[in-house]
Amino acid sequence: MEKEGKSDADNRSTITVNVKFSGRSIRVEISDESTVKHLKSLLQPLTNVLSRGQKLIFKGKVLVDEITLKSSEVGNGAKIMLMASQGLHQGDGPIRKEASNLPTARRMPEAMRPKRDVPQVPVVKSQLERWKATGVVALSECNLKVLPDEVLTCGPSARVLDLSHNAIQHLPAAINSLSSLQKLILNGNEIMDNSLSWEELASIKSLMVISLNQNHIATLPPEVGTLTGLRQLHIAHNELTGLPSEIGLLTSLEVLKVNNNRIRSIPESIGGCVSLIEVDLSSNLLVELPETISKLKDLKYAFAPIICVVHVRLLVQALYLRNNGLKSLPSSIFKQCCQLSTLDLHGTEITIDVICQIEGWENFDERRRSKHQKQLDFRVSSSGKFDEGADQS
């Protein structure tokens, strides 16, 4: 009895290729029947270089997207060189040789870093009196490692607490003694996941703004949802990989800025943030947006995607999605978001020839050109050049 012929699956084999990129050797296991385009998609999360920004070179020849590795004579152990096009990346940029703990974009400028060998600036009586009189506790760049006890004596007099660009790792629970605090600014410190007591912050009913840019926060706890009076939350240039579903409980939140993190998806519960005005999700690792973004019929202005928001009362004009791994937009975004006048898709997989095929493009294009002309008429724009909003194919 004759043996049956081998199936296509039997003819396939898994190979390991070594991709050289920026001083690194990246090992990838892949079927030899996979296309070069598929290999690029596997390399995108490993390098942060978008697929269309990758040029793969094997034995002096550029590999073609639609051709299989087997047909390209790429076998087991093959060495491939990856060359990246400038600007075509997701997140903070291409992942270079592992020589530092933090991406460059998250590092504090040298001039702003607290000097370890310099003593903490002491609090003097006149300073304390000024804090109580003005309500503004200004302690930025004072080489602080802990919150001075004198700050807590301000009690209900303090409205703004600026501790930016120090080396603070922890805020005491007694921070709630500042019962009239409205703004808490902790940019450029050593804040980590367990550095803050969110429950104690929530007990400060007057607190409207929290700014934690340039820290080391990887996870926001569910307790963040207890800050129901919060209007602005800034956590850019951290290490976030996502947002908790409880973010949707912040019904007073107007500004959410979490750009330059490692966020891969946004919880649909963000639809509960019915007061959102600005959302910045640029330079993250988002690969898609849900169709529910098109429910934002009154959308005028936002920084990156606002998702699944209903009962909207937004007052914005632009949508910034730069440097994410986005490959498509919701099909009804232009048709239903009829106030949208600025769209930034540079450094994504979505090119100008793709977005101009989406229904409603003509009306959107008319709005954005009208806005650009008004900026020129009133000399608001520093450049007369019109930005298409996306890269050419």
Side-chain angles (χ1 to χ4, degrees), residues 19 21-22 26 37 39-56 65 82-96 102-107 213 235-242 256-266 278-290 293 301-307 316-330 333-334 337 340-358 361 364-365 368 372 381-383 385-393:
V19 181
F21 175 64
S22 190
I26 304 170
K37 186 175 183 179
L39 174 58
K40 288 183 177 181
S41 70
L42 296 179
L43 288 170
Q44 180 170 318
L46 300 175
T47 64
N48 272 0
V49 180
L50 300 182
S51 294
R52 70 184 185 89
Q54 298 178 31
K55 181 182 290 186
L56 298 180
D65 282 359
L82 186 153
M83 296 182 65
S85 298
Q86 187 173 2
L88 296 181
H89 61 79
Q90 61 185 11
D92 281 330
I95 301 174
R96 305 290 181 182
L102 288 174
T104 302
R106 292 194 189 119
R107 292 192 203 131
N213 299 330
I235 320 183
H237 295 278
N238 274 272
E239 300 163 22
L240 291 175
T241 56
L256 175 63
K257 295 193 175 185
V258 289
N259 53 289
N260 295 87
N261 278 282
R262 308 284 295 173
I263 298 173
R264 296 181 179 276
S265 63
I266 304 299
E278 298 183 13
V279 180
D280 190 343
L281 288 168
S282 57
S283 296
N284 276 287
L285 305 178
L286 298 169
V287 295
E288 63 180 356
L289 301 179
I293 194 175
Y301 178 82
F303 296 94
I306 300 178
I307 301 172
V316 277
Q317 297 177 2
L319 181 59
Y320 293 99
L321 303 168
R322 179 182 291 261
N323 292 127
N324 275 283
L326 294 170
K327 298 179 180 180
S328 64
L329 289 176
I333 186 168
F334 294 139
C337 297
L340 188 63
S341 60
T342 300
L343 181 64
D344 183 359
L345 290 163
H346 290 296
T348 71
E349 293 283 6
I350 306 171
T351 55
I352 191 67
D353 58 325
V354 173
I355 60 175
C356 68
Q357 300 299 317
I358 300 176
W361 160 262
F364 164 72
D365 191 39
R368 66 180 188 147
H372 177 70
S381 176
S382 59
S383 172
K385 186 178 180 181
F386 179 72
D387 185 1
E388 288 288 353
D391 300 330
Q392 299 293 328
S393 58

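The shown structure was predicted, so the numbers you read here are calculated from the model rather than taken from an experiment. We count residues from 1, following the sequence as given.
Taking OG of S282 as the reference point, atom NE2 of H346 lies at 13.0 Å (rounded to 0.5 Å). For the atom pair CG of L42 and CD1 of I26, the computed distance is 11.5 Å after rounding to the nearest 0.5 Å. The distance from the CG atom of N260 to the CD1 atom of I235 is 13.5 Å, given to the nearest 0.5 Å. A distance of 8.0 Å separates CG in L256 from CD1 in I266, rounded to the nearest 0.5 Å. From E349, atom CD reaches atom CG of L326 across 9.5 Å, with rounding to the nearest 0.5 Å. Between the NZ atom in K37 and the OG atom in S51 there is a gap of 8.0 Å [rounded to 0.5 Å].
Side-chain contact check for T47 versus V19: every heavy-atom pair is 4.5 Å or farther apart. At a threshold of 4.5 Å between non-hydrogen side-chain atoms, the residues N48 and L285 count as touching. A heavy-atom distance below 4.5 Å is found between the side chains of L56 and L43. Looking at F21 and L46, their side chains never come closer than 4.5 Å, going by heavy atoms from C-beta outward. The closest side-chain heavy-atom distance from K40 to D65 is below 4.5 Å.
Judged by distance alone, the side chain of R264 and the main-chain N or O of V287 form no donor-acceptor pair under 3.5 Å. A donor-acceptor pair under 3.5 Å links the side-chain atoms of N324 to the main chain of L286, judged by distance alone.
If you run side chain to side chain contact (heavy atoms under 4.5 Å, CB included) between N261 and each of N284, L281, T241, only N284 comes through. D391 pairs in a side chain to side chain contact (heavy atoms under 4.5 Å, CB included) with only one of the listed residues (L88, I350, L50, I352), which is L88.
Taking each heavy atom of P45 and I95 in turn, the nearest pair found is O-CD1, 4.2 Å. Among all heavy-atom pairs drawn from F334 and I355, the shortest one is CE1-O, 3.5 Å.
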Given side chain to side chain contact (heavy atoms under 4.5 Å, CB included), test H237 with N259 step by step and report yes or no.
CA-CA 7 Å; H237 295 278; N259 53 289; 4.1 Å; yes

Would you check, one step at a time, whether the test side chain to side chain contact (heavy atoms under 4.5 Å, CB included) holds for L329 with L345?
CA-CA 10 Å; L329 289 176; L345 290 163; 3.8 Å; yes

